[in-house]
Protein chains: 2
Amino acid sequence: MVVGEDRSGGHADEAQEVADRLHGAAIHLLRRLRTEDVESGLTAPRLSALSVIVFGGPVTLGELAAAEQVRPPTVSRLVRDLEQGGLVTVEPDDTDRRIRRVRATPRGSLLLIEGKARRVQRLAQDLRALTGRERRTLREATAILERILHPEGRPGPGGD
Amino acid sequence: MVVGEDRSGGHADEAQEVADRLHGAAIHLLRRLRTEDVESGLTAPRLSALSVIVFGGPVTLGELAAAEQVRPPTVSRLVRDLEQGGLVTVEPDDTDRRIRRVRATPRGSLLLIEGKARRVQRLAQDLRALTGRERRTLREATAILERILHPEGRPGPGGD
DNA sequence: CTGATTACTTAGCACAACTAAATATATTCG
DNA sequence: CGAATATATTTAGTTGTGCTAAGTAATCAG
């Protein structure tokens, strides 16, 4: 755990400090980006669930419940509402008719993808004001981040 | 998502690509950090309000309403609940007795600060596995980020 | 002092999201 | 077959957040 490898002569724990600032930056970043989400017309839980459905292929309600960490009834209603909005379709499983599989409609996928595009667009605009060097620093930083915190895991929702 | 950035000999839109990756990284980062928040026992609006109170010094209810972008009655109730939980205290203003100032209790501050520490701690641990050069890249990146997306805004809440 | 404004509260409504408990139905296994 | 198990739904209720409308109380402007 504690690896005193701070040879840079800085203060006690450089990692701690960078983590702290990174934390703040991520919060501010997403805070700004999230404002674009309102336009989707979906609430956060629905957006999150839709994301799992879009990127996670057809999923059963049970899987969705596990992914979203909610109880079955919550998912039932959630899916019903998404279905009513034309964003997902539900089909029975061929071999096990207890199971219902949820799949995103083209409209559901589009809504999510466009939402993300809106978010990213906003950020890209800010990035154009930077120097090439600064952008490269950001690029390198994201690569590092993705490496350390996304070894394996479920696809991230468009949530926040 | 964003791909074809190479077909015209150069980067069609480097900013767009970096934005896309940054977006993904921020989502994954907060996804990880946010799991720690559940332990606070507070809901997102309360956590956010408490953060404004803790870091924004004593604030009036009106200021809090403006910061959180909600109507006065919503804040009244929010503060009442926080007060009931022993996380904040409310005092009248000396010169203007219509005004009520909200201040965090030691327990309220501690809850927030420890919550943040929990979040950051996890990340700091990952960062210790990096080289000094990589950490420096991350540090520079956060500085750039904070600069472009936090020109002069209100203090950021610890919510996400 | 009177009237308008400001700061906040109270009361009541609506709604989203969650839950536990009680089903209904389908599958699996002894 | 029949019992246990698994999947999802329905029912009924809670919690939390937000709103508006209407009220109280303090301050300010004339």
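Note that the coordinates shown come from a computational prediction; the quantities given were computed from them, not determined experimentally. So that the names make sense, note that chain A is the first sequence line, chain B the second, and so on, each numbered from 1.
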Euclidean distance, atom [atom1] of residue [X] to atom [atom2] of [N] [Å, nearest integer]:
{"X": "B/L47", "N": "D/dT17", "atom1": "CG", "atom2": "C1'", "value": "15 Å"}
{"X": "B/Q69", "N": "D/dG18", "atom1": "CD", "atom2": "C1'", "value": "14 Å"}
{"X": "A/I99", "N": "C/dT28", "atom1": "CD1", "atom2": "C1'", "value": "13 Å"}
{"X": "A/R80", "N": "C/dA16", "atom1": "CZ", "atom2": "P", "value": "11 Å"}
{"X": "B/D81", "N": "D/dT17", "atom1": "CG", "atom2": "P", "value": "7 Å"}
{"X": "A/R46", "N": "C/dC18", "atom1": "CZ", "atom2": "C1'", "value": "13 Å"}
{"X": "B/E91", "N": "C/dA7", "atom1": "CD", "atom2": "P", "value": "18 Å"}
{"X": "A/R97", "N": "C/dT28", "atom1": "CZ", "atom2": "P", "value": "12 Å"}

Item to check | Trace of the side chain to side chain contact (heavy atoms under 4.5 Å, CB included) decision for A/L123 with B/V18 | outcome: CA-CA 9 Å; A/L123 181 58; B/V18 175; over 6 Å; no
Next on the checklist: Both atom distances under 3.5 Å, Watson-Crick or G-U wobble: I'd like the secondary structure of DNA chain C as a dot-bracket string, with | for pairs made across strands.
Outcome noted: ||||||||||||||||||||||||||||||
Item to check | Presence of salt bridge, B/D93 and B/R98, under 4.0 angstrom | outcome: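 Not counted as a salt bridge, because no side-chain N and carboxylate O are separated by less than 4.0 Å.
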Checklist entry - Should B/R136 and A/E140 count as an ion pair when the cut-off is N to O under 4.0 Å? => result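 No, this pair does not count.
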Of all the choices, [options], which nucleotide is nearest to the side chain of [X] once you look at every atom?
{"X": "A/P73", "options": "C/dA11, D/dA26, C/dA20", "result": "C/dA20"}
{"X": "A/V70", "options": "D/dT27, D/dC19, C/dT19", "result": "C/dT19"}
{"X": "A/R100", "options": "C/dA26, C/dA11, D/dA8", "result": "D/dA8"}
{"X": "A/D96", "options": "C/dA26, D/dA8, D/dT20", "result": "C/dA26"}
{"X": "B/L61", "options": "D/dT17, C/dC8, D/dA8", "result": "C/dC8"}

Checklist entry - Stepwise, does the side chain to side chain contact (heavy atoms under 4.5 Å, CB included) test hold for B/E14 with A/R139? => result CA-CA 10 Å; B/E14 192 207 350; A/R139 182 204 296 272; 3.1 Å; yes
Next on the checklist: Please evaluate residues A/R100 and A/E91 with respect to the criterion side chain to side chain contact (heavy atoms under 4.5 Å, CB included), reporting the C-alpha separation (whole Å), side-chain torsions for both, the decisive distance (0.1 Å), and the verdict.
Outcome noted: CA-CA 6 Å; A/R100 304 185 64 202; A/E91 330 149 12; over 6 Å; no
Next on the checklist: Heavy-atom nearest nucleotide on DNA chain C for A/T95 versus A/P72: which residue maps closer to 5'?
Outcome noted: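 Its nucleotide being nearer the 5' end, the pick is A/P72.
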Next on the checklist: With a 4.0 Å cutoff (strictly under), does any side-chain N or O of B/T43 reach OP1 or OP2 of D/dT17?
Outcome noted: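 Indeed, a polar side-chain atom of B/T43 lies that close.
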Next on the checklist: Is B/R71 close enough to D/dA21 that one of its side-chain N or O atoms is under 4.0 Å from OP1 or OP2 there?
Outcome noted: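 No.
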Checklist entry - Does the side chain of B/E83 come under 3.5 Å of the side chain of B/T89 through a donor N or O and an acceptor N or O? => result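 Their side chains do not contain a donor-acceptor pair, so the 3.5 Å distance test is not met.
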Checklist entry - Got a donor-acceptor pair under 3.5 Å from the side chain of B/R98 to the base of D/dT27? => result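 Under the 3.5 Å cut-off, the side chain and the base do not form any donor-acceptor pair.
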Next on the checklist: For D/dG16, does the base pair up with any side-chain atom of B/R77 as donor and acceptor (N or O, under 3.5 Å, distance only)?
Outcome noted: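 Check fails, no donor-acceptor contact within cut-off.
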Checklist entry - Roughly how far apart are B/L42 CG and B/L87 CG, rounded to 0.5 Å? => result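 These two atoms lie 6.0 Å from each other.
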Next on the checklist: Please say yes or no: joined through hydrophobic side-chain contacts below 4.5 Å, possibly via intermediate residues, are B/V88 and B/L78 part of one cluster?
Outcome noted: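 No.
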